[in-house]
J.: 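Quick one: this structure, given as structure tokens, is what I'll be asking you about.
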Amino acid sequence: MLFENYQIDGPFDEMFERPGVPRPHYAPIFDRLLQQGEKSIQQRRHMADLCFRNQGITFTVYKDAQGVEKIFPFDLLPRIIPAAEWQTIERGLIQRITALNLFCRDIYHEQHILRECVIDPELVYGARMFQREMLSVRVPRDIYVHVCGTDLIRDQHGRYLVLEDNCRTPSGVSYVLENRAVMKRVFPILFGASRVRPIEDYPHHLLRALQYIAPAGRENPCVVVLTPGIFNAAYFEHSFLARQMGVELVEGRDLLVEKNCVYMRTTSGLRRVDVIYRRIDDDFLDPLCFRSTSLLGVPGLLNAYRLGNVALANAVGNGIADDKAIYPWVPEMIRFYLQQEPILPNVPTYVCARQDDCQYVLEHLDSLVVKSTNEAGGYGMLMGHQADQAQRADFARKIRTDPRNFIAQPVVELSQHPSLIGENFEGRRIDLRPYILNDSTIRVMPGGLTRVALQCGSLVVNSSQGGGSKDTWVLENGAAP
Amino acid sequence: MSQSQPGLPLDRPTSGPRQSLPARVADASYWMSRYVERSEHLARILLVSADMLTGAGDLDETLADQLCRDVLAIAQQSHRYEAWHAECSTPAEFISTISRHLVLDLDNPNSLVNCITKARENARSIRESISAEMWEHLNTLYWTLQSDDAAARFADAPQERYRQVMTGSLLFQGVTDQTLDHGQVWLFIQLSKYLERVDMTCRILAAKFNTLDPVEDAMEASLRVLQWMAVLRACCSIEAFRRLHPQEMDAAGVAAFVIFEPSFPRSVLFCVRHALQSVDRIRTMLSADAGRDAQRLLGRLLGELQYPQGLTGQPDELRVFLERTRLAAATAAMAVQDQWFMRALDSAAVIRPVDSGDLQRIRPHAH
């Protein structure tokens, strides 16, 4: 039967208090699942798979030159977050993005935080994503981080910790929206049991946030989404967001810069572009400024941006805010800029750029998770306790050659959640990436992307490493517990 | 004091169709539609040919062979005749070999699977500009042809696959009409659909009229009727023809219907008229000089079709006429590409006439 062999003796379990006894906020759907029975659940899973395939909800894995379109595995059982718990998360995220935004503004202008020796200047100037070109550039409305995706995990005691911030081009929000749509289509009966906060207005707010930064005096600003192209891993999302917002999706070759203004090549000639939601990294944005071999960008774009003739979201140079070696100082930033105590704690982190830390890391490689500071997607990572001797030696060598590029953290046991594996539910590790929009107010989408490490015992949830995802429900205030 | 109600200002002017469209999007929508249309014609000609061969078991061997040659000519694969023929011993086997290649062969840019794949790839690159329904329909069609057991399922029931593609294409156009705003993207979809249909219809007629000289013999004559019916079926015209011409079925009647019938959406004249209308409307919408060549070329072609000259009934004449029509439509298609898609917006693109050699080059457009 569905939950008969379910084990909860490991990490924090999201759904169960004791064997067979769900936490109060899971009780209603637990009952409904048992009423449904195995056959119906299998049918619905099949329906969900077909929905994803036929609607082409995919991501691309880089394997050969072409890349392979894959369906992001969808796990039928939703993750549920009670209203009170969510309120804390929401407050913590708003606090954090406020501080990160102030940090970016500070670093590219007065640099108070460096002058007062809160953060070592070398760490900032040595960051690969520090963009000298952005010094003293006034960005529209002083907003750097318009869209943020913050990765949260829960430790052994169920405490929420921030694992990392994504202040450049966080992806995944399209899967959040599609997961919800598919869930409503194949399993409407589960929704009846709880009052779930809607998320469908995200594209609307995203468009508002983009229009908010349009250059002054531009009526009916032309907003576009800039994608690297169809072979990019997140191409589906770029196209999805453009469609949902009703704006054009463009590639670098569709744009050109003339007299420091950006234009789109259209069937009726050139059309001025005011706001670009760019899903291209800084490095590829403008071959005149950054990587000169990039064919993805638009020559001259950065100058148009610096002159305020076009707005970019997110701002250029945000990489300093989500650099993994700067991450340990985010709590300090919150204290420094906001005079508040952080609501959401960090995971303890050793920064190899500091000699003591580096020594400790090298001596404890077998019990730490080592991460490269500028990689994402689960690449460039060592899970010390699972690696073999050769892999550890390899990382030790890399750390010694370039300590600035590495950090290490103790293994945090991610919380587990039941996933439908074959015929039964089994515990699988999950994290949570809520999405935050920042314009005149800061708005946290209620929920976010819950990623699942579908391999038994794995702690890596990235889609490129065989992760899946599930719908995430934040309950209404006053809804059943 | 009572306050005035804010109300809903529903009387404000609507925005109208969207004015500017990235040239790349126009280009991709054009090829998406063209490949869908191409796959439909290919599926239909294969279905009709397979039907004739399986139905008439005692079909004359030279006739059966001719049928296979026609299919290859229409699909522009005549050069493969020797190689594929060597693999087979009977005509039925031959047509199934041809079909397998024309349907599944990944090396043939115009195989059925490749057409649908390319249509879907173009659609995927403009998902934000077409409706979700259009995408889902095309994507589902793609997956029915691409699944792991596709080859086995094709071998099992090829006719079913042909029908799936034909219906898929027709439904795609229906979904498009009813879910997409009739703006520029829609107009480019119409334009390319009609241009492709002109091309395919002319090729089918040219191949068939090559072989169907009038005959005296009564036995032969009854066979001819079957063949005329096949031509009409291949052009998706048989029911309409019967309804409008209940009396006779002969070479001239069939050809005239498929080429000149003004009320039937499969006739060459109808397609050219509607392609021209699309060009007119795109030009009005863009209020620019671009597209004038396409308009002129299609306008002159329409004139020739409305007031044809020198068609006295000789098969050769008809072939020349069809070839001229195809060339004119292909030249217009190139003008459309050069002036609207090439993004050479500041330099006036030069349009030159297309010759037959060019046609070979243009057709397998690897887009």
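Letters A, B, ... mirror the listed sequences (proteins, then strands); counts begin at 1.
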J.: How far apart are the closest heavy atoms of R24(B) and L249(A), and which atoms are they?
T.: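 In this case the closest contact between R24(B) and L249(A) is NH2-O, 3.0 Å.
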J.: Applying ring-ring contact (aromatic ring centres under 6.0 Å, His included), which residue pairs with at least one partner in residues 238-271 of chain A are found, sequence neighbours left out?
T.: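 Listed once each, the pairs are F236(A)-F240(A).
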J.: With the side chain counted from C-beta on, respond yes when E248(A) and S129(B) share a heavy-atom pair under 4.5 Å apart, and no when they do not.
T.: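 Result yes, sub-4.5 Å side-chain heavy-atom pair found.
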J.: If you check every heavy atom in residues 136-144 of chain B against those of chain A, which residues fall under 4.5 Å?
T.: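 Heavy-atom contacts from residues 136-144 of chain B to chain A are E136(B), N139(B), T140(B), W143(B).
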J.: On a heavy-atom basis, which atom in Y235(A) and which in E128(B) lie closest, and how many Å separate them?
T.: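 Closest approach of Y235(A) to E128(B), heavy atoms only: OH-OE1, 4.4 Å.
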J.: Mind checking ring-ring contact (aromatic ring centres under 6.0 Å, His included) for Y194(B) and listing every partner two or more places apart, or none if nothing turns up?
T.: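 Checked Y194(B) against ring-ring contact (aromatic ring centres under 6.0 Å, His included); matches are H274(B).
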J.: Need one label for E251(A): side chain, backbone, both or neither, based on atoms under 4.5 Å from any heavy atom in chain B.
T.: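 Contact with chain B involves both backbone and side-chain atoms of E251(A).
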J.: Considering residues at least two apart in sequence or located in another chain, which fulfil the side-chain contact (heavy atoms from CB on, under 4.5 Å) criterion with T472(A)?
T.: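 Per chain and number, T472(A) pairs via side-chain contact (heavy atoms from CB on, under 4.5 Å) with R79(A), I81(A), L432(A), T450(A).
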J.: Can you tell me how far CH2 of W135(B) sits from OG of S239(A), rounded to the nearest 0.5 angstrom?
T.: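 Nearest 0.5 Å value for the OG-CH2 distance: 8.5 Å.
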J.: Looking at every non-hydrogen atom in both residues, tell me the closest pair between T267(A) and F188(B) and how far apart they are.
T.: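 It is CG2-CE1, 4.2 Å.
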J.: Can you measure from CZ (R243(A)) to CZ (R127(B)) and round to the nearest 0.5 angstrom?
T.: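 It is 5.0 Å, given to the nearest 0.5 Å.
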J.: Quick check for you: to the nearest 0.5 Å, what is the distance between T266(A) atom OG1 and L286(B) atom CG?
T.: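 With rounding to 0.5 Å, OG1 (T266(A)) is 7.5 Å from CG (L286(B)).
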J.: Looking at N220(A), I want to see if its CG is surrounded by more than 12 non-hydrogen atoms of other residues, nucleotides or ligands under 6.0 Å.
T.: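 No, not enclosed.
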J.: Distance from S268(A) atom OG to Q184(B) atom CD, nearest 0.5 Å?
T.: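 Separation between the atoms: 6.5 Å.
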